[in-house]
Amino acid sequence: MRALIVTAVTAEADSVVRGLSGPVPHPDHTPGPDHAPALEPRSLPGGYLIHRRGAFDVLVAGVGPAAAAAGTATALALAPAPAGYGLVVSAGIGGGFAPAAPIGSLVVADAIVAADLGAETPQGFLTVTELGFGRSVHLPPAELAARAAEATGALLAPVLTVSTVTGTAARTTALAARHPLAGAEAMEGFGVAEAAAAHGLPVLEVRAVSNAVGPRDRDAWRIGEALTALADGFRALGPVLASWGGPS
Ligand SMILES: O=C(O)c1cccc(C(=O)CC[C@H]2O[C@@H](n3cnc4c(=O)[nH]cnc43)[C@H](O)[C@@H]2O)c1
């Protein structure tokens, strides 16, 4: 089954590709005998870059839910014939909710939640579902999410999609109160899930923790460590994705 893996930026896509297929030679290095030649990504309409590696396509869609949905929808509409895709995965770095998801750990979503899609009211936040305008949660296939978490040693927990990176203690408290089991926060999962659902496809989300969700502290971000964890995660995840036969 072919899987489309959607990332926000090139560095995340490189980590995923490295995990799925061994080291990605640096584009400035002439591939040596122990390196496969660097396979240049292709461009899709709209300028999206996509790496094709075996049964996996790794897309760079951009940051945020709108870019993620647009890029994913474009790639799904141009899916390689005849079989197309059987699974869509949102992958990248994310913020971890302490203490459950420390920096360098992985989180696999058992629910992909649009955490700030709705309305602020004097009585508190109402989700888009509570407002009557559609869904605010997508559920990955439970068996696949569990197998992915087991294979990667990831925390299996809800992953929140936000349009604004949390940067204060008050916001962290409010999110954790509404989503006490949340493991991570990122910006693309729900957009990817919406595009996948529009094509009738199951979705998974995998996040490598680069920072703690909380008061903004750029110096505390460990993006390099998270990208390494992402590559290691996909080294273990590749066989799980490749062998998954679809929703039972
Ligand atoms: O606040 C900053 O100065 C800052 C420094 C580095 C990166 C950012 C981002 O906005 C990265 C957003 C990008 O990375 C994902 N991500 C990583 N951590 C989080 C988080 O705590 N909350 C939400 N998204 C996060 C996200 O999926 C984006 O692709 C800011």
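Numbering of ligands and ligand atoms starts at 1, following listing order. Values below: every heavy atom of this structure, side chains too, minus hydrogens, waters and symmetry copies.
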*Which atoms of ligand 1 are found less than 4.0 Å from any heavy atom of Arg216?*
1 (O), 2 (C), 3 (O)
*Can you list the ligand 1 atoms lying under 4.0 Å from a non-hydrogen atom of Ala8?*
29 (O)
*How close does the nearest protein non-hydrogen atom get to atom 22 (N) of ligand 1, and which residue and atom is it?*
Glu185 OE2, 2.6 Å
*ligand 1 versus Glu12, non-hydrogen atoms closer than 4.0 Å: side chain, backbone, both, neither?*
neither
*Residue pair Phe234 / Leu20: nearest heavy atoms and the distance that separates them*: O-CD2, 3.7 Å
*asked:* Between Glu150 (side chain only) and Arg147 (backbone N and O only), is there a donor and an acceptor less than 3.5 Å apart?
replied: no
*Which ligand 1 atoms does Arg207 reach within 4.0 Å, using its non-hydrogen atoms?*
27 (O)
_atom 19 (C) of ligand 1 - nearest protein heavy atom and its distance_ = Gly95 N, 3.4 Å
*Between Ser136 and Thr129, is any side-chain donor less than 3.5 angstrom from a side-chain acceptor?*
yes
*From Thr10 OG1 over to Leu49 CG, what is the distance, rounded to the nearest 0.5 angstrom?*
5.5 Å
*Between the side chains of Arg171 and Thr168, is a donor N or O closer than 3.5 angstrom to an acceptor N or O?*
no
*Should the proximity of Asn211 to ligand 1, defined as any heavy atom under 4.0 Å, be assigned to the side chain, the backbone, both, or neither?*
side chain
*Of the protein's non-hydrogen atoms, which lies at the shortest distance from atom 29 (O) of ligand 1, and what is that distance?*
Glu188 OE2, 2.8 Å
*asked:* So, 4.0 Å and heavy atoms of Gly94: is ligand 1 close enough to count as a contact?
replied: yes
*asked:* Using every non-hydrogen atom in the two residues, find where Val209 and Asn211 come nearest and quote the distance to one decimal.
replied: CG1-O, 3.3 Å
*Could you check atom 12 (C) of ligand 1 against the protein and tell me its nearest heavy-atom contact, residue, atom and distance included?*
Met187 SD, 3.8 Å
*Note the single closest protein heavy atom to atom 14 (O) of ligand 1, along with its residue, its atom name and the distance in Å.*
Ile93 CG1, 3.7 Å
*Selection residues 177-193 - residue pairs positive for salt bridge (charged side-chain N to carboxylate O under 4.0 Å, His left out), sequence neighbours left out*: Glu188-Arg207
*When you measure from atom 8 (C) of ligand 1 to every protein heavy atom, which one gives the shortest distance, and what is it?*
Trp221 CH2, 3.4 Å
_As an exercise, identify every atom of ligand 1 less than 4.0 angstrom from a heavy atom of Ser210._
17 (C), 18 (N)
_Distance-only polar pair, side chains of Thr152 and Arg235, donor-acceptor under 3.5 Å_ = no
_Listing request: all salt bridge (charged side-chain N to carboxylate O under 4.0 Å, His left out) pairs with a residue in residues 209-230, at least two apart in sequence or in separate chains._
none
*When you measure from atom 10 (O) of ligand 1 to every protein heavy atom, which one gives the shortest distance, and what is it?*
Val165 CG2, 3.3 Å
*Between Arg218 and ligand 1, which residue portion shows a heavy-atom distance shorter than 4.0 Å: side chain, backbone, both, or neither?*
side chain
*Which one of Leu87, Val58, Val89, Ile50 satisfies the side chain to side chain contact (heavy atoms under 4.5 Å, CB included) criterion with Leu4?*
Ile50
